[in-house]
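To start, the structure under review is shown below, and the notes come after it.
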Amino acid sequence: MWTTALLALLCASASATEIQPRASSYSGEYGGGGGERFSQSGNQLDGPITAIRIRVSSYYIVGLQVRYGTVWSDYVGGTSGDLDEIFLYPGESIVQVSGKYKTYLRKLVFVTDKFRFLSFGKDKGTSFNAVPLYPNTVLRFISGRSGSLIDAIGFHWDLYPSDYESC
């Protein structure tokens, strides 16, 4: 009897998994081992990524800030270098991120579903290429480690929020 109940429970959980396909995945962490951890997981509740600010020095990605919907995340990283800001078009999403790192993050290239390539930093170091594991998913938030520079970064992918109306 217990065997039958256990078998029924396993079958029910297996069929529930088939009904709800996975969509979230993670790429990373790319970079060195220093810095304090940060995560913008709560920011994704404000909407999809709509803009990015990146601070770049002669050699490194110094800092970054991401806008989710109409709300900017906390800034992470240092204050030296030049600040660049890019805005995504309404409904546009990031579908790939590549870059370079050594001890710190050196380069980021964001690729959108509108075939735009948004590049920041210098082309030196170990290469990485981050893409979602599942189709039709986009970059939803970032995490990593930072101090006076961005030490490391990771990318979290999921479905575009269906309840969000673009500005």
Side-chain angles (χ1 to χ4, degrees), residues 20-57 60-79 81 83-101 103-121 125-167:
Q20 300 173 357
R22 292 193 54 159
S24 63
S25 61
Y26 173 74
S27 304
E29 177 170 273
Y30 307 103
E36 296 290 321
R37 291 206 170 276
F38 70 88
S39 175
Q40 298 180 348
S41 63
N43 295 94
Q44 69 178 317
L45 301 175
D46 293 321
I49 293 173
T50 55
I52 300 173
R53 290 179 180 149
I54 305 275
R55 187 173 296 277
V56 181
S57 73
Y60 303 107
I61 304 292
V62 175
L64 58 92
Q65 188 176 28
V66 179
R67 191 175 80 169
Y68 297 86
T70 59
V71 179
W72 285 99
S73 69
D74 290 337
Y75 179 84
V76 293
T79 57
L83 184 65
D84 290 323
E85 182 176 83
I86 56 106
F87 289 85
L88 300 182
Y89 298 127
E92 184 177 27
S93 296
I94 296 168
V95 295
Q96 177 182 357
V97 185
S98 60
K100 302 242 180 185
Y101 67 92
T103 305
Y104 303 101
L105 198 58
R106 292 183 171 233
K107 182 174 185 165
L108 286 171
V109 180
F110 297 93
V111 181
T112 76
D113 57 355
K114 306 282 188 209
F115 305 106
R116 289 203 299 159
F117 292 75
L118 313 166
S119 182
F120 305 91
T126 303
S127 298
F128 69 85
N129 186 44
V131 294
L133 193 57
Y134 301 103
N136 304 316
T137 57
V138 300
L139 183 62
R140 293 292 287 130
F141 70 94
I142 62 170
S143 63
R145 286 179 279 114
S146 69
S148 60
L149 301 168
I150 302 298
D151 293 79
I153 196 165
F155 306 98
H156 301 260
W157 311 91
D158 207 335
L159 297 171
Y160 188 89
S162 60
D163 57 348
Y164 184 79
E165 295 181 23
S166 56
C167 300

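Basis for what follows: all heavy atoms, side chains included, without hydrogens, waters or symmetry-related copies. Computed from a predicted structure; not experimentally measured.
- Within a 6.0 Å radius of CZ in F87, more than 12 heavy atoms belonging to other residues, nucleotides or ligands are found.
- Side chains of E92 and R116 form a contact here, defined as non-hydrogen atoms less than 4.5 Å apart.
- Under the rule for a side-chain contact (heavy atoms from CB on, under 4.5 Å), the partners of V138 that lie at least two apart in sequence or sit in another chain are S93, V95, R140, Y160.
- Taking each heavy atom of S24 and Y134 in turn, the nearest pair found is O-CE1, 3.3 Å.
- Closest approach of V97 to L108, counting heavy atoms only: CG1-CD2, 4.0 Å.
- To the nearest 0.5 Å, atoms CG (L139) and CG (D113) are separated by 11.5 Å.
- Residues forming a side-chain hydrogen bond (donor to acceptor under 3.5 Å, both in side chains) with R106 (at least two apart in sequence, or on another chain): none.
- Closest approach of T137 to A23, counting heavy atoms only: CG2-O, 3.2 Å.
- Taking all atoms of both residues into account, the shortest heavy-atom contact from F128 to L105 is CE2-CD1, 3.9 Å.
- By the side-chain contact (heavy atoms from CB on, under 4.5 Å) test, F117 pairs with V109, V111, sequence neighbours left out.
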Under 3.5 Å, which donor-acceptor pairs do the side chains of residues 25-32 form with other protein atoms, sequence neighbours left out?
| unit_1 | atom_1 | unit_2 | atom_2 | d |
| --- | --- | --- | --- | --- |
| S25 | OG | L133 | N | 3.0 |
| S27 | OG | V131 | O | 3.2 |
| S27 | OG | W157 | NE1 | 2.9 |
| E29 | OE1 | R37 | NH1 | 3.4 |
| E29 | OE2 | R145 | NE | 2.8 |
| E29 | OE2 | R145 | NH2 | 2.4 |

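- When all heavy atoms of F38 and S146 are compared, the pair lying nearest together is CD2-OG, 3.9 Å.
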Original post:
After noting the C-alpha distance and the side-chain angles of I142 and F155, does the key distance pass the side chain to side chain contact (heavy atoms under 4.5 Å, CB included) rule?
Top reply: CA-CA 5 Å; I142 62 170; F155 306 98; 4.0 Å; yes

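- Taking the side-chain hydrogen bond (donor to acceptor under 3.5 Å, both in side chains) definition, one finds that Q65 meets it with R53, sequence neighbours left out.
- Distance CD/E85 to CD1/I52: 10.5 Å, rounded to 0.5 Å.
- Residues G47 and P161 approach most closely at C-CG, 4.5 Å, considering heavy atoms.
- Remark: S73 pairs with Q40 by the side-chain hydrogen bond (donor to acceptor under 3.5 Å, both in side chains) rule, at least two apart or across chains.
- Side-chain atoms of L64 and V76, non-hydrogen and from C-beta on, do get closer than 4.5 Å to each other.
- Here L88 contributes atom CG and T112 contributes atom OG1; the two are 7.0 Å apart, rounded to the nearest 0.5 Å.
- Looking at heavy atoms from C-beta onward, Y68 lies in side-chain contact with I49 at the 4.5 angstrom threshold.
- Considering only residues two or more places apart in sequence or on other chains, S39 meets the side-chain contact (heavy atoms from CB on, under 4.5 Å) condition with S41, F141, S143.
- For the ring pair (Phe, Tyr, Trp, His ring centres under 6.0 Å) test, residues two or more places apart in sequence or in another chain that qualify with Y104 are Y60.
- For S127, the side-chain hydrogen bond (donor to acceptor under 3.5 Å, both in side chains) partners are K100, not counting sequence neighbours.
- Applying the salt bridge (Lys or Arg N to Asp or Glu O under 4.0 Å) rule to pairs touching residues 148-160 yields nothing, sequence neighbours excluded.
- Interatomic distance, D74 CG to N43 CG, rounded to the nearest 0.5 Å: 7.0 Å.
- The side-chain contact (heavy atoms from CB on, under 4.5 Å) search around F120 returns I54, V56, I61, D84, I86, F110, L118, not counting sequence neighbours.
- Rounded to the nearest 0.5 Å, atoms CZ (R55) and OG1 (T79) are 6.5 Å apart.
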**OP:** Could you please spell out the steps behind the side chain to side chain contact (heavy atoms under 4.5 Å, CB included) verdict for S119 and K107?
**Re:** CA-CA 8 Å; S119 182; K107 182 174 185 165; 3.4 Å; yes

